[in-house]
Amino acid sequence: MPFTLATWNINSVRLREGLVCKLLEQDAPDVLCLQECKSPVDKIPVEAFHAAGYTHMVARGQKGYNGVAILSKLPLEDVGDKDFAALGHARHVAARLPNGVTIHNFYVPAGGDKPDREVNVKFGQKLDYLTGMRDWFHAEPPKKAILVGDLNIAPREDDVWDHKKLLRVVSHTPIEVAHLAETQGAGNWVDITRQDIPEGNLYSWWSYRSPDWDAADKGRRLDHVWATPDISNAAHSSRVSRAVRGWEQPSDHAPVFATFDL
DNA sequence: ATGGTCGTGCTACGA
């Protein structure tokens with residue numbers, strides 16, 4: 001049975017409850033992974049999601065910051081969370097589907113403004129978080145697994161609107177890209193979005209500060225779908241739903257989709 | 001080199 005999965009940094013699940021429902025009704029993915037819910041788990045508006053047919057949820061939350069949730073039409077088994085770099089943040093949760101596939105939903109730290117851990121603690125925490133992910137995947141190699149989320153790094157030159165201009169901008173610096181590559185390598189993760197769309201500029205985030213985001217198109221691909229090699233060849237039909245970024249009172253991220261024939 | 005815009009929750013902080 002094929003199933004479709006989407007990942008979306010929602011930037012407040014409470015403020016954008018209506019947009020989540022619109023996406024669920026319009027695209028009807030079997031599983032929707034959200035990041036930056038900015039809500040305790042017991043304040044996530046689950047009733048509306050239940051009404052849309054998403055009767056299962058596995059989530060971690062905190063007041064005002066971070067937060068990750070997996071909404072599903074299919075039953076989910078909560079298989080835990082990790083707190084890499086001991087930040088005490090709700091940035092990861094994992095769940096298992098009835099077909100045995102494990103889904104990891106991540107919100108990697110943004111990393112602050114200055115790409116220098118000596119002057120910016122947040123940048124060091126971001127690198128340490130990625131190192132924690134790497135070490136975990138090395139110690140416990142994932143199998144039949146999908147990893148999605150806002151990884152806050154655009155690794156390829158064509159994942160940003162201007163590679164040279166962004167080399168010293170947090171999200172595209174060589175040290176971040178190297179850390180992400182190590183994390184990906186440690187789990188043998190396949191970049192499903194780029195397996196399906198190998199060529200051309202592709203973005204999933206456009207800053208709120210850009211006055212005309214669509215025309216200016218100064219985007220970055222910060223949101224990712226990865227899978228382990230034992231299921232990567234079952235993936236297809238990846239896409240970024242750019243139109244969602246143009247909805248009323250939008251998130252600054254667009255959802256990324258992939259389908260798996262499993 | 002700087003500022004631009006959001007969301008949360010209280011006037012600052014994180015993205």
Side-chain angles (χ1 to χ4, degrees), chain A residues 7-23 33-45 48 59-69 83-92 105-117 119-130 148-155 159-162 164-173 175-177 179-180 203-224 242 244-256:
Chain A
T7 178
W8 191 15
N9 178 317
I10 192 62
N11 187 18
S12 175
V13 71
R14 299 175 71 189
L15 185 68
R16 279 184 254 284
E17 169 188 342
L19 293 199
V20 173
C21 288
K22 183 174 174 179
L23 189 86
C33 297
L34 298 171
Q35 304 87 32
E36 274 207 276
C37 297
K38 294 186 171 177
S39 171
V41 172
D42 64 4
K43 294 226 164 56
I44 296 175
R60 297 294 186 272
Q62 59 188 95
K63 189 178 169 184
Y65 300 98
N66 311 310
V68 285
D83 179 26
F84 298 116
L87 300 175
H89 298 170
R91 294 184 177 276
H92 168 254
N105 184 14
F106 276 100
Y107 174 49
V108 171
D113 285 333
K114 289 202 161 44
D116 178 353
R117 69 188 308 155
V119 299
N120 171 18
V121 171
K122 289 184 173 39
F123 192 72
Q125 289 175 343
K126 181 178 194 175
L127 299 180
D128 293 346
Y129 192 93
L130 290 159
V148 304
D150 177 3
L151 306 185
N152 265 314
I153 297 172
D159 290 337
V160 295
W161 65 280
D162 190 319
K164 283 191 175 173
K165 278 197 174 68
L166 287 167
L167 274 172
R168 282 181 287 180
V169 174
V170 172
S171 73
H172 193 60
T173 64
I175 191 167
E176 290 170 88
V177 172
H179 275 65
L180 189 68
Y203 316 135
S204 65
W205 172 87
W206 295 262
S207 173
Y208 285 130
R209 297 176 193 176
S210 185
D212 191 352
W213 71 273
D214 197 23
D217 202 20
K218 295 182 174 181
R220 306 177 200 169
R221 188 171 71 101
L222 304 180
D223 302 277
H224 299 266
R242 182 183 175 118
V244 171
R245 178 63 177 80
W247 286 357
E248 187 80 23
Q249 198 173 33
S251 168
D252 45 355
H253 293 253
V256 182

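Quick note on labels: first sequence line is chain A, next is B, and so on, each numbered from 1.
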Nearest-Å distance for atom pair CH2/P, residues Trp206(A) and dA15(B): 21 Å
Arg209(A) CZ to dG4(B) P, straight-line distance once rounded to whole Å: 9 Å
Touch class at under 4.0 angstrom, heavy-atom based, for Arg168(A) against every strand present: nothing
Geometric class of the His92(A)/Phe84(A) ring pair [parallel <30°, tilted 30-60°, perpendicular >60°]: tilted
dG7(B) phosphate, OP1 or OP2, under 4.0 Å from Arg16(A) side-chain N/O: yes
For atom CD of Glu17(A) and atom P of dT8(B), their distance in whole Å: 13 Å
Candidate pair Asn11(A) and Tyr208(A), rule side-chain hydrogen bond (donor to acceptor under 3.5 Å, both in side chains), full reasoning: CA-CA 12 Å; Asn11(A) 187 18; Tyr208(A) 285 130; 3.1 Å; yes
Among dT8(B), dA15(B), dC6(B), the nucleotide that comes nearest once only the side chain of Tyr107(A) is considered: dA15(B)
Contact nearer the 5' end of DNA chain B, comparing His253(A) with Cys37(A): Cys37(A)
Asp217(A): which of Trp161(A), Tyr203(A), Trp206(A) passes side chain to side chain donor-acceptor pair (under 3.5 Å): Trp206(A)
Side-chain donor/acceptor of His253(A) to backbone N/O of Leu222(A), under 3.5 Å: no
Phosphate contact (dT8(B) OP1 or OP2) by Lys63(A) side-chain N/O below 4.0 Å: no
Length of the line joining Lys38(A):NZ and dG9(B):P, which is rounded to integer Å: 9 Å
Rounded interatomic separation in angstrom, taking CD1 from Ile10(A) and C1' from dC6(B): 14 Å
Side-chain N,O (Ser207(A)) to OP1/OP2 (dC6(B)) below 4.0 Å: no
Within 6.0 Å of CG in Asp214(A), more than 12 heavy atoms from elsewhere: yes
Sugar-phosphate only, base, or nothing, as touched by Gln249(A) at under 4.0 Å among non-hydrogen atoms: sugar-phosphate
Rounded interatomic separation in angstrom, taking CG from Asn11(A) and P from dC13(B): 19 Å
Interatomic distance where CH2 belongs to Trp213(A) and P belongs to dT5(B) [whole Å]: 17 Å
